[in-house]
Each structure stands twice: as structure tokens, then as C-alpha cells.
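Scroll down for the structure; my scribbles are underneath it.
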Amino acid sequence: MYNNRLPLVLIFICIVFGCDTSSVPLDHVTPNIVPVPLKQKVTEGQFVMSSKTGLRYNEDFKVSAQFLESYLKNGNQMELNENEGGNVISFEKDERIANQEGYRLIVSPEEIKIIASTDQGAFYGVQTLRQLLPVSFEKGIYKGGEVAVKCVNIEDEPQFVYRGMHLDVGRHFFSTAFIKEYIDALAMLKMNTFHWHLTEDQGWRVEIKKYPKLNEIAAYRKETLIGHYNDQPHQFDGKRYGGFYTQDEIKDIVKYAYNRNVTIIPEIEMPGHSQAAIAAYPELGCTDEPVEVATKWGVFEEIYCTKEETFAFVEDVLDEVLTLFPSKYIHIGGDEAPKTRWKNCSDCQRRIKEEDLKDEHELQSYFISRVEKYLNAKGRQIIGWDEILEGGLAPNATVMSWRGTKGAVAAAKEKHNVINTTTSHCYFDYYQSTNEGEPTAIGGFLPLEKVYGFNPIPEELNEEEQQYVLGAQGNVWTEYMSTEDNVEYMVYPRIMAMSEVVWSKGENKDYDDFVSRVEKFNERLDVLGVNYANHIYEVGGELHTEGAKQSFALKTVTKDKDIRYTTDGSDPNMFSKIYKEPIVMNKSMVIKAAVFNAEKQLGGLFKQEFNNHKAVGKRLTLNVQPNKTYSGSGGKGLINGINGSNARFGDKEWLGFWGDDLEIKIDLGEETEINSVETRFYNANGQWVYAPKTIEVLFDDNEGDFNSLALKDNELIVKAKLEKIAKSRYITIRVPNYGTIPDGSQGAGSKAWTFIDEIIIN
Ligand code: ACM
Ligand code: ZN
């Protein structure tokens, strides 16, 4: 089929503005593509796109060609027509391109050729072409009339088949227009899956016709927690909050996503995170007691009972869900389901006996396997969070690993497919900067560079097992994102890093180059009106240690900028010293720095305090090494004069240990007079992080000089300070792990984390 339309609007534009290439200054856009393509080579010349440019495609490429056509029309009132002697954009099928999502894009002066074996592959060629056009096309404000595209030859394909982004609409609810923009972002970045987290304790967001109370009651909560969950006492805003998507709205969004090669996987949580549904239908729970839709965050004990009536409900709900979502996968949750109610429920205990199950974990497995069987019979597959491994994996389930990569490794070894969404690299609800002024987030620390460096394949897997890792996904839990602007701030630019993690080949990845592309890409986001976070102009710092000597290096990842700094406590300005080499730290000081271009300060203020206490640069040994994901700058980081950040326990200075009892020995080199020993522990219980109940301090390994300190547990950062005059060369600090996380708390039953930072000896 040839597309043939008379470009009336363009004729008008050409009359008014002139379409003569010699008189129109042309925009040269050099390739600056995110995610970086497999191979790209800039060649001689340029393709001048104008009203004379033709568009050729056939039915095989309908979705991608029509996307391009409407993009150009909206972007530049540029209606392409059948080629009549002018140059042409053409779509060409080539079955030899083995990767279904791969494409070639060849720009020569006469032709832009998009070659693929499928419409989806061609669609990604179109997305690349889009990034070769001026950013003003995004909102139809390009005023050039014509545009020059630099000639280039690109060959491209993804590394992973599953390239996802998740969005929790349960904690906060977002408009259908915003959901479409979210899908647009995925498409632009060549991601192919939107994991739509539709049900939660705090709100049920999908219309189910057979159960109207899900929408009348479960979709609304009476109020919402104000501030952070860790702030005590809890306060509430007193405002009713909620909403849901109608089935018509969902069908429209699914179609919208289809036309952008994005598959939507709905998540209907079970058996946990179901308090909203139980608020609407109390008979679904174990107690029949009325409960309310949750108004604060966390893990709740009200979960679905395993009696027959619940399965009838679940199956009815899924029947309607299946009519809305054609996806191969349906996500059925499975995470964070406390077993307290099941332990005390006669129906659940009877089920355990009748089914010959060992315990409540096997009962959860029964629940998931039973729902899996139901969905498999309807031709669908399930995905569940990694808790579905406990008590035995459902036979065909795909595991979404989030609590580290242990679940991913276990599932792949059992020959089950895996999607890697480990908290340490994929949780976009974590802070992305150690700056003080960041919007309140759940906790943790996941800067752009860490996302960028993620490898979805755990190193424990051999080649055969690696094939079970389908890909990775950024997760966006919205407890602390009440507006669409908040969501964008947390998502961008980390989504760009994730797109490159799942699309681009490892050897093509280079963080500095990525950042310079992000800097450019931000101009596109400006036009699109996206509220992205901009930390790329922040100063980064790194401590260098050489024997007992320490110096501090500053860096900026952006090019052609200066870092200016002070060490006298004043804020840097345009006249402050330009940073050239690491700053020697031989006394207590504070370094303040910022990135400047010729005219102004670009990013936020960087501040690093250095406390030159008696243990700095001395020897330290640990009985166990910190957990790999939170190993910071290693044991030495505990005596480098630098505190961990108050708001982020995941920065380089906090060391994390999962379940270990610690014994830390410091050798001061010679007998030293000591007045105090102090340290700090993070205590973010919502993130499974607990300060120890007591610690012990010993001088010179002398059990006779044994000092036990009881710690408080009512603050986010718990300080431990022993004030005692002693003479000692060796100091031992024993830190027993908190133990098992108690029932009713997030992560109940799991080992607690210990996070410790600087040990200050004066
Ligand atoms: C999860 O973060 N609860 C999957
Ligand atoms: Zn029960």
C-alpha cells in the first residue's frame, strides 16, 4: 500500500517560509541515541527531509510507519506523500534480521531506509530516527520547514527480551493521560513491557463488574499518612483519596500500548497486599471482621483466606482481567504475605491438613499453584515476586526477583524464567542523590551510575542457566510519589540508564558517554515537559587513601565544565579556586564545591565534612565482609573520617551486613589515650534495617575491660557513644545482629540488616 496524500498544509508553509534548501538553515542533528545502538557509523552527507519527501511502506509495517507519519505530521506539519522524484523514507522487510526486535537504519542523501523482519523491529528503527530529528518535533514547534538528517548506518538489536518498567497505582492513583505518557516513554526508549501494579492494600484500581464494591469501597481510602512512615507519631491528612480505571479506559490504554509495541502485564496481588479488597468484601479474609482500606504504608496481616469462596472470587476477577489484557503473562503478586491470620484460621488449617501441606509457606505455594493452574488452562502464564519460591515454586511460574538476586539464581537453577528487579539496582523509589533537598523518598540510595552499571545476569549463573534471565525492570512504588511530577522526577533519568541496561550491549556502554547523551536527551524532555531529576551537574567525590595519607578527589561527569571549591566553610562562587587535583586531608575540614560553566553554577552544592579523629587511616579488620551490594568503600570506610549520609543508608560510607554478628578490631598502631568511642547505626525498619539492641566495646582485647552499651531504637539513626578514659592500642567492637524481623513488620521472619558507619575515636 502506498500512502498518497496531498500535503496542502505544507504547500502553504513553503509559500510562507520558503522550502528552498539553499535558503533555509538546516539543523544538523548528530546521533546521540539512548539506548546506545549496537553499531553506528556516521557517513558522508545528509538527508533533507521536506514536503517533497515520500513515505513508502506496506501492511507489514503499518504500526511503525503510521507512528512515524503521525510523529512527523504533529512535529512539523510535515505530511509525507508518495515519492515523486524527491527523496524517500522507506520500510523494507528483511527476514535475515534474526532478532524480531532488531532493525537497520540507513540514512543516505536519497533515502532513509528502515529495514526489519517485523513491525516491532521497524518501530525501534523509527524511535532511533526520531532521536535524529530536532527535539522541537516532539511538540510540533519546529519552525525550520526542512530538516537535515546526518547520514548514518545503524545496526541495532536488544540484549534482553524483557525490558520493563513498573508503576504502582495503588498507593497513589494517576490519570489515564499520564499512563499514556508513561507508555510513550517506554516506547521512545525501546522498552517493551509495562508492569501495571493495579491492586494494593491502599486501593483497588481496576473496575470489576461482578464485584462493584471493589470500586465503591476498595478504590478509596479515608485519608493518607503525611510525611515519612519513619516519622513518629503517624499523622494523617484527613482527606478521602482514590479512584480506579474503568474497563473502557483500560481497553483504550491497552490498545494505545499495542500501537507502541508495549505489552501491559497487569498485577493483581494475592494472597497479600489485599486489604482493600477485604475491606470491600470482609468474607475474603480469615476473620470476617470489617477492616478499612489501608491509610498508611507497610505490610498488613489481612490477607486472602484459602477457603473456596476466595478462589471463586479470584477466578471471577481474573476472568474479567483476562478480557482486558491480552498479555501472555499475568502477575499475581505473592510478596509480603504475613501468615499470622492463616495460623489462627480454622479454614486455612483445615486446608493444610486436607492438602497434606507442611506449613503456611506450603499453603501459600498451594494458593499460587492453584491460581497458576487456572490461568494456564486459559492459555496464560504467571509471574510472581520471589516469595513464590518459598514452600515450592508453581510449575510454570516466572519469578520476579526483588530481594537481592538470590531468588533469580534459585529460579534459574530450577529452570524457571526470571526477571531481575533487585532492590539494590532497580528500585526507583530510592533516593538518587545524597543532597539534602531531595523530595522525601522511601529510603535507600540508587544513583544513576549504579543503575547504569547493573548487570541483570547474576554472576552465580552458568551459561546454560543465564538463558532463563529474560531481562530486568525498574520498579516505581509510589508511597512517596503523590503527583505525576513526583513520579517523573524519580523515573528520569534512571529509566534511561535502565533502557541501556536491557537494550545495549555491555561493551558499548560507557557511563561518561551516557551522561553526555543524557545531557542532550534532557533537551527533548524539556520540550516534552517532563519533570526529570537533574543530578548530572552534581559534584562527585572520592576519598583516596595511601597508607595513612588521605586526599579527596572531586569529579563531574559532564564535559567542559569547571569544579570550583572552598575549604573554609564558605559557599563556592565563580571566583573560587578551580579544582585541579585531590585535596589533601590532614586536618578536620569541610569541602564545598559546585560545577560551573563560564556564566553560572549549574548543579547543587556539594559538601563533604572530614573529621580527623584518632582512628583515621589506622588498621581495621572485620570478622565478616559486608554484603556485596552494600560494601561501600570496605572496612576502611569505617575509619576514614567521613560519616555516612543521614538520609541514605546505601551510600559508600554505610556498610551493610545481612544477619551477621560483627566483630570489628581497630589497631591504633601504638598505645593511645582514648576519651570516647562512638558510632552510628541505621534503623529504617520499613526497609528491614535494624540497629542492634546492644553493642560491646573492649580495650586491648581485655575481657575484664568489657563495656556494654544498650541502644535506643526510636530514631532513624541510632548513636552509640562510650565516654571512657582508657589507654589502649587495640579496640574491639562487637555488634550482634538484631535477629529475626518480628511479625507485623515489613520483612517479618527474615534476617535483619545491620548498617554501620564511621567509628569515631577521640
Ligand atoms: C515488593 O517490593 N514488595 C515486591
Ligand atoms: Zn483463612
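All values below come from the heavy atoms of this structure, side chains included, with hydrogens, waters and symmetry mates left out. Ligands are counted one by one from 1 in listed order, and the atoms in each one are counted from 1 as well.
Between Q364 and E390, the side chains place no donor N or O within less than 3.5 Å of an acceptor N or O (distance only, hydrogens not considered).
Here the rule is side-chain contact (heavy atoms from CB on, under 4.5 Å) with I208, and of L318, D316, V321 only V321 fits it.
Taking the ring axis of Y220 as reference, the NZ or CZ atom of R240 stays within 45° of it and closer than 6.0 Å to the ring centre.
For the pair R163 and E500, the salt-bridge criterion is not met [side-chain N within less than 4.0 Å of a carboxylate O]. A salt bridge does not link E223 with K239: none of the charged nitrogens is closer than 4.0 Å to a carboxylate oxygen.
When all heavy atoms are compared, the tightest approach of I388 to G333 is CG2-O, 4.2 Å.
Ring-plane geometry between F311 and Y366 is classed as perpendicular, the angle between the planes exceeding 60 degrees on a 0 to 90 degree scale with a lower cut at 30.
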Put together the list of close N/O pairs, under 3.5 Å, between ligand 1 and the protein, could you?
{"unit_1": "ligand 1", "atom_1": "2 (O)", "unit_2": "Y427", "atom_2": "OH", "d": "2.6"}
{"unit_1": "ligand 1", "atom_1": "3 (N)", "unit_2": "D335", "atom_2": "OD2", "d": "2.6"}
{"unit_1": "ligand 1", "atom_1": "3 (N)", "unit_2": "E336", "atom_2": "OE1", "d": "3.2"}

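Between H172 and Y480, a ring centre-to-centre spacing not shorter than 6.0 Å is recorded. The ring of F445 has its center no closer than 6.0 angstrom to the ring center of W654.
Inspection of the environment of the Zn ion (ligand 2) yields the following protein N, O or S atoms under 2.8 Å: C286 SG, C305 SG, C345 SG, C348 SG.
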